[in-house]
Student: 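This is the structure I have questions about; it appears just below.
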Amino acid sequence: MPGGAFLLNSGGMAADHGGGLTVPVVVTCLMAASGGLIFGYDIGISGGVSEMESFLEKFFPGLLKTAAHANKDVYCIYNNQALTAFTSSLYAFGMVGTLLASRVTRRLGRQAIMLIGGTLFLAGALVNAAAANIAMLIVGRMLLGLGLGFSGQATPVYLAEVAPPRWRGGFISAFPLFISVGYLVANLINYGTSRIPGWGWRLSLGLAAVPAAVMVAGAAFIPDTPSSLVLRGKHDDARAALQRVRGKGVDIGAEFADILAAAEHARRNEEGAFRRILRREYRPYLVMAVAFPVFLNLTGVAVTAFFSPILFRTVGFESDAALMGAVILGVMNIGGILASGFAMDRYGRKLLFVIGGALMFTCQANANFIYTSHYSLIVLPRTNTLES
């Protein structure tokens, strides 16, 4: 995305025009990063609700009866197509929302897309809380997915374009931090609402409206990014927005000139951009840009977080212990993000890639060993008994 944040000087570093940590820039970035709350809340809330007895009794009574007759654990009991549709519909429509947002973000601006995303998520939360049947649940999940797609596409770009260059890494890490906070809060709520008979699941799903309302309020009161305003020809508004986030009395002339130059450069090179990215000189960047998110998701880290309560139930935890395990996972996640946020601008991104990859490999190997051991102790003896 064009903007002063992405203009490189001769030394290969982002140009730093002296923008400091002013109150407006901190408030603006934190309000924008709060969009991560809705994503984190949904990751945490859905997996926990999916194993609540009151929720299963209302929408999936057959699955609950099957689980009650399980001999020692609930291995493979959650293999239910309707329940899978409930969880996966959000991500399918999240992809649709991302593709739609990528087409209209430049025309409407980052702030408007964040506002639309928060509103859609708010509507989805209310539909889910009032759900009377599976169809309403899935419609609500579709709205949640569209909201996540819109907000997830615009929020990181907003942060990158507004944050001062020397603090950009820390501010961008605020987005995953808010995701982790939302995940932790959701699991704490699940732990409490699981004790409410009959309608505890409605409270869990309905409280998703709170982070959505926070995001809508935040998007309504923050300005659009200077880069986005320049791309839409609103130069005076762009200068005013830049002055607002950098603080009164700060000379923004050089930075604003860089934004104008970057926007003009983007316009000149817009035609044929997709063909140019396939050239040999850009190939390493293209490979890295595609490989990192693909392999990150193939590790299963997002799936593990989403289904952590069910996974804990599968390996023998009771309901409350499974929810508490998800809470502990959320606390550890926040600790890792805080550590990486402080280290990112001091030691660089490459070192964090190496450390993160090594930790992920070690934890995945340990988790695989534990699960394989559990499978050997529980499932294989049961199979031998049936054969005998």
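By convention here, the first residue in the shown sequence is residue 1.
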Student: To the nearest 0.5 Å, what is the distance between CG (N128) and OG (S46)?
Tutor: 8.0 Å
Student: Tell me whether R239 contacts the main-chain N or O of H235 through its side chain, where contact means a donor paired with an acceptor under 3.5 Å.
Tutor: no
Student: If we count only N and O atoms by modelled type, under 3.5 Å, do the side chains of E161 and S228 hold a donor and an acceptor together?
Tutor: no
Student: Kindly indicate whether the side chain of R232, heavy atoms from C-beta on, has any atom under 4.5 Å from the side chain of D237.
Tutor: no
Student: Go through the steps for F256 and V230 under the test side chain to side chain contact (heavy atoms under 4.5 Å, CB included), then give the verdict.
Tutor: CA-CA 10 Å; F256 188 67; V230 166; 4.1 Å; yes
Student: Hey, any chance V290 and Y282 share a hydrophobic cluster, counting ILVMFWY side chains that come within less than 4.5 Å of each other, even indirectly?
Tutor: yes
Student: How far apart are the closest heavy atoms of S151 and I38, and which atoms are they?
Tutor: OG-CD1, 3.4 Å
Student: Is L115 isolated, or which residues cluster with it under the ILVMFWY side-chain rule of less than 4.5 Å, directly or via members?
Tutor: V216
Student: Give the minimum heavy-atom separation between A125 and A209, together with the two atoms involved.
Tutor: CB-N, 3.5 Å
Student: Is it possible for you to say whether M95 and F39 belong to one hydrophobic cluster, with membership spreading through side-chain heavy-atom contacts below 4.5 Å?
Tutor: no
Student: Would you compute the distance between atom CD1 of I45 and atom CG of L207 and round it to the nearest 0.5 angstrom?
Tutor: 7.0 Å
Student: Where do M215 and L37 land on the side chain to side chain contact (heavy atoms under 4.5 Å, CB included) test, with the steps shown first?
Tutor: CA-CA 8 Å; M215 182 178 177; L37 285 173; over 6 Å; no
Student: If you measure from OG on S204 to OH on Y41, what distance do you get to the nearest 0.5 Å?
Tutor: 5.5 Å
Student: Looking at CD1 of I259 and CG of L242, how far apart are the two atoms once the value is rounded to the nearest 0.5 Å?
Tutor: 5.0 Å
Student: What are the two closest heavy atoms between A101 and G149, and how far apart are they?
Tutor: CB-O, 4.3 Å
Student: Please determine whether a side-chain nitrogen of the Lys or Arg among D224 and K234 lies less than 4.0 Å from a carboxylate oxygen of the Asp or Glu.
Tutor: no
Student: Hey, quick one: are L351 and F361 part of the same hydrophobic cluster, counting side-chain heavy atoms closer than 4.5 Å, chains of contacts allowed?
Tutor: no
Student: Of all the heavy-atom pairs spanning G44 and N190, show the shortest one and how long it is.
Tutor: O-ND2, 3.2 Å
Student: If hydrophobic clusters are built from ILVMFWY residues whose side chains come within less than 4.5 Å, do L148 and L122 share one?
Tutor: no
Student: Please check if the number of heavy atoms outside N133 that lie under 6.0 Å from its CG is greater than 12.
Tutor: yes
Student: Would you say I138 and M142 make side-chain contact, with heavy atoms under 4.5 Å?
Tutor: yes
Student: Do N187 and Y183 touch side chain to side chain, with heavy atoms closer than 4.5 Å?
Tutor: yes
Student: Would you call the rings of F60 and F55 parallel, tilted or perpendicular, taking 30° and 60° as the class edges?
Tutor: tilted
Student: Could you tell me whether the side chain of L108 reaches within less than 4.5 Å of the side chain of I116, counting heavy atoms only?
Tutor: yes
Student: Quick one: does V139's side chain get under 4.5 Å of M136's, heavy atoms only?
Tutor: no
Student: Assigning hydrophobic clusters by single linkage (Ile, Leu, Val, Met, Phe, Trp, Tyr; side-chain heavy-atom cutoff under 4.5 Å), is I189 placed with L126?
Tutor: no
Student: Rounded to the nearest 0.5 Å, what separation is found between the OG1 atom of T225 and the CD atom of Q111?
Tutor: 9.5 Å
Student: With a cut-off of 6.0 Å (strictly less than), are more than 12 heavy atoms of other residues, nucleotides or ligands near CZ of F93?
Tutor: no
Student: When you look at F292 and F353, which way does the ring pair (Phe, Tyr, Trp, His ring centres under 6.0 Å) test go after all the steps?
Tutor: CA-CA 10 Å; F292 176 70; F353 275 131; 4.8 Å; yes
Student: Could you give the distance from CG (L205) to CZ (R141), rounded to the nearest 0.5 Å?
Tutor: 8.0 Å
Student: Restricting to non-hydrogen atoms, name the atom on A241 and the atom on L229 that form the minimum distance, rounded to 0.1 Å.
Tutor: CB-CD1, 3.9 Å
Student: Quick check: do I222 and M114 have side-chain heavy atoms less than 4.5 Å from each other?
Tutor: yes
